[in-house]
*Asks:* 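Below are the structure tokens for one structure; questions will follow.
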2 protein chains.
Amino acid sequence: MQRKRVTSKDVAEKVGVSRTTVSLVLNDVRGIQISSETRQKVVEAAKELGYVPDATAQALASRRTKAIGLVLTRSQHHIATDAFLPKIISGLLTTAKKQNVRILVDWVETEHRESAYFELAHTKRIDGMILSTPRLDDRALKALERVDVPTVLMGNVADLNLPFVDVDNVKAAEKATSYLVELGHRNIACISSAPLEYTATPERVGGYRNALVRAGIPVNEGLIRYADFDPESGYRCMKSLLQGGERFTAVFVASDNVAIGAKFALREANLHIPDDVSLVGFDDIPWAQYSDPPLTTIKLPAESLAQSACTLLLDLIHDDIGNLHQRIILDTELIVRKSCRPV
Amino acid sequence: MQRKRVTSKDVAEKVGVSRTTVSLVLNDVRGIQISSETRQKVVEAAKELGYVPDATAQALASRRTKAIGLVLTRSQHHIATDAFLPKIISGLLTTAKKQNVRILVDWVETEHRESAYFELAHTKRIDGMILSTPRLDDRALKALERVDVPTVLMGNVADLNLPFVDVDNVKAAEKATSYLVELGHRNIACISSAPLEYTATPERVGGYRNALVRAGIPVNEGLIRYADFDPESGYRCMKSLLQGGERFTAVFVASDNVAIGAKFALREANLHIPDDVSLVGFDDIPWAQYSDPPLTTIKLPAESLAQSACTLLLDLIHDDIGNLHQRIILDTELIVRKSCRPV
DNA sequence: GCGCGTTACTAACGCGTTTTAGCAAAAGGA
DNA sequence: TCCTTTTGCTAAAACGCGTTAGTAACGCGC
């Protein structure tokens, strides 16, 4: 079955034209004159022979790989339990497909980040890259500013001059917390989605603080815990909160995935939602609406986020220069379900 | 910052040798004689100049892209809600990284599958591919047998002569169902993970049937429902079961993700787990152990599955001929938690 | 019948590697 | 001394495409 590869040369010979003509026709190059008769013959011959251009040769010649990288920087364990990744990939896939671009998932290990970004850029396997959940302390990121590969971040890093796509985490967290305040809660705890190095964390916890301050409620640091993405960390945080001695009637958990564990800890302590404790989540993962009771949460438009990131990146790649530091902020929405009640 | 690309020519000139020598040294080609003095000089010069080989040129010349494809065939919605994908990706990433191979996620739309597989193969962007959750009616799969790109399936298709990696779904489902039988249940319902076209479905439902038959319990077709991967379909199936009039005291749900929805339907009907209904799941997604009550389920080694698939594929790529029809079956384990009780 | 513009192509180079074939010098053996 | 190996390297040919510069043929106006 190892029938020989069909190259553009074969097509050219079959029609009796040059390879150049074949290339011009098939790539639909504008501003070039080829009789529609020849065009048709080329197209037909190509189809007949089953000609599929060799992607690597194309890439070498055109200096475009038609592939973009999704770069993950977290640990293997965190990737495996990331309730979010499927949506990102789905979003990326849909807009990439439309533009006839492929997606390369790459994983940069925590240890040698600096050189990894550098290599990623110089290897030229991809035309651009999307970095998900950047960290504040990622010094390697700074290097990216000077690297010539278009990059967009999913999630903002304040003092970095790169284009990014994000939601307004501060506002979203405020919304969630204010909702609890409006229900009359005054002792509201907070469990973050991740450690402080991840940019979304200070933003969301900040929003929580803002909401309290605005309502004239003093912020009690003893009611704040920092989780680490997965349910297990949520479980630990909630237990710590419960054992901490500080009283609370509501909790804002800045990640639904974390909330899964947090909820379990409440249950274990024989506390009921929403009767004993009100709970607001963040993300609106599929589980949220089938949770018992259905979880009130902030809906984070993950797929749109990915799609925007992808579109922005592709613009960047084609413009070469254009919107060098564009920022896209998407809206979030509070989905009220049944995990909260008035005090 | 557009400093010129460093090519192997630059390295060669700096050391005063030919490009060939540079290539031989840097690729550590065996059976070739180069003085260790020259070797060292080349390595140093490469590092000094920051030489990173151009992946596309490498691919064109060596006819190896050092990339494998993960091909998804389901709908966008199903990809977005796939609680499984992160583990697959994590598993793939770890073994791929070790072998210095990249992962390309590709999505073949349902409509034009046949040509899509063909193109994927001839494009030569990838050295091989992994197909996840194949479907029985995928006629395009047959074409894959004759295509010259190494392929491994995650999930078996009985009459297909391709290497695959899978768990013994029949046995696993038997294990789960038998567990319920042993607890004294006789009216056991079953909700599948997916429609019948997906190969795991008939296998798992088959295992459920086997267990009943072996215990001398007649199979009641009215107690079987077919879900569609996501929680929502699980919710629908359970509701349908509840409204179906047939009595049951236990349910085997062949997917934890589906169980999320099924559980919600039970709750809505004011039925308690395990007091009113015992529940066994399948997959052991992170949620399972933090569910209330913690879900007894079959642990499907997703990451190992992905790793095996990746290893097998890479073997196939390198051997060219070797284990052409290898099959790897991984073990599953029943994780007993608290969602079941004796009648 | 000459100049000029347009139409419809092609020759040839470039992309940055890997790979094949081979060669000069040094070493070893008789 | 002459012949054969071995050692250490190189020149040149792929690899399969994109692209630039250029040209042949033709029509048209004068």
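What's counted below: heavy atoms across the whole structure, side chains too, no hydrogens, waters or symmetry copies. Keep in mind the model is a prediction, meaning the values are calculated, not measured. Below, chain A is the first sequence line, B the second, and so on; all start at residue 1.
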*Asks:* With respect to the side chain of A:Ala61, which nucleotide from D:dG18, D:dT10, C:dT17 is positioned closest?
*Replies:* D:dG18

*Asks:* Rounded to the nearest Å, what distance is computed from the CG atom of residue B:Leu26 to the P atom of nucleotide C:dT17?
*Replies:* 10 Å

*Asks:* Look at the side-chain N and O atoms of B:Thr38 and state whether any lies under 4.0 Å from the OP1 or OP2 oxygen of D:dC9.
*Replies:* yes

*Asks:* Between C:dA26 atom P and B:Gln33 atom CD, what is the distance in whole Å?
*Replies:* 17 Å

*Asks:* Go through the side-chain N and O atoms of A:Ser18 and A:Thr21 and say whether any donor and acceptor fall under 3.5 Å apart.
*Replies:* yes

*Asks:* Is the base of C:dT17 touched by the side chain of B:Thr56 through a donor-acceptor pair closer than 3.5 angstrom?
*Replies:* no

*Asks:* Between the side chain of A:Ser23 and the main-chain N/O of A:Arg19, is any donor-acceptor distance below 3.5 Å?
*Replies:* no

*Asks:* Does A:Ser23 have a side-chain nitrogen or oxygen under 4.0 Å from the phosphate oxygens OP1 or OP2 of D:dC17?
*Replies:* no

*Asks:* I want to confirm an ordering. Mapping A:Val6 and B:Arg39 to their closest nucleotides on DNA chain D, which one lands closer to the 5' end?
*Replies:* B:Arg39

*Asks:* Salt-bridge test for A:Asp127 and A:Arg63: reply yes if a basic N is under 4.0 Å from a carboxylate O, no otherwise.
*Replies:* no

*Asks:* If you measure only the distance, is there a donor-acceptor pair under 3.5 Å linking the side chains of A:Thr95 and A:Gln307?
*Replies:* no

*Asks:* Can you measure B:Lys41 atom NZ to D:dC9 atom P for me and round it to whole angstrom units?
*Replies:* 9 Å

*Asks:* Between P on D:dG16 and CZ on B:Arg63, what's the gap in Å once rounded to a whole number?
*Replies:* 6 Å

*Asks:* Find the distance A:Asn27:CG to D:dG18:P and express it as a whole number of Å.
*Replies:* 5 Å

*Asks:* Tell me: CD of B:Gln58 to P of C:dG16, nearest whole Å?
*Replies:* 13 Å

*Asks:* Examine distances only and state if a side-chain atom of B:Ser132 and a backbone atom of B:Ile130 form a donor-acceptor pair shorter than 3.5 Å.
*Replies:* no

*Asks:* Crowded around B:Gln40 CD? As in, over 12 foreign heavy atoms under 6.0 Å?
*Replies:* no

*Asks:* When all nucleic acid strands are considered with a 4.0 Å heavy-atom cut-off, which category describes B:Val29: base, sugar-phosphate, or nothing?
*Replies:* nothing

*Asks:* Is there a donor and acceptor pair closer than 3.5 Å between the side chain of B:Thr20 and the base of D:dA12?
*Replies:* yes

*Asks:* Nearest whole Å is fine: how far is C:dT19 P from B:Leu60 CG?
*Replies:* 12 Å

*Asks:* Could you tell me whether the side chain of A:Trp107 and the main chain of A:Arg74 form a donor-acceptor pair under 3.5 Å?
*Replies:* yes

*Asks:* Would you kindly give the CG-to-C1' distance between A:Leu24 and C:dC9, to the nearest whole Å?
*Replies:* 9 Å

*Asks:* Can you find an N or O donor on one side and an acceptor on the other, under 3.5 Å apart, linking the side chain of A:Arg19 with the base of D:dG18?
*Replies:* yes

*Asks:* Closer to the 5' end of DNA chain C via nearest nucleotide, is it A:Ser18 or B:Val22?
*Replies:* A:Ser18

*Asks:* Decide yes or no, distance alone: a donor-acceptor N/O pair under 3.5 angstrom between the base of D:dT19 and the side-chain of A:Ser62.
*Replies:* no

*Asks:* Is there a donor N/O on one and an acceptor N/O on the other, under 3.5 Å, for the side chain of A:Thr21 and the base of C:dA8?
*Replies:* no

*Asks:* When you measure from the side chain of B:Asp106 to the backbone of B:Gly69, do you find a donor-acceptor pair of N or O atoms at a distance under 3.5 Å?
*Replies:* no

*Asks:* Counting only side-chain nitrogens and oxygens, does A:Thr7 get under 4.0 Å of the OP1 or OP2 atom of D:dG16?
*Replies:* no

*Asks:* Quantify the bending of the helix from C:dG1-D:dC30 to C:dA30-D:dT1 as the angle between its end axes, each fitted on five pairs, to 10°.
*Replies:* 60°

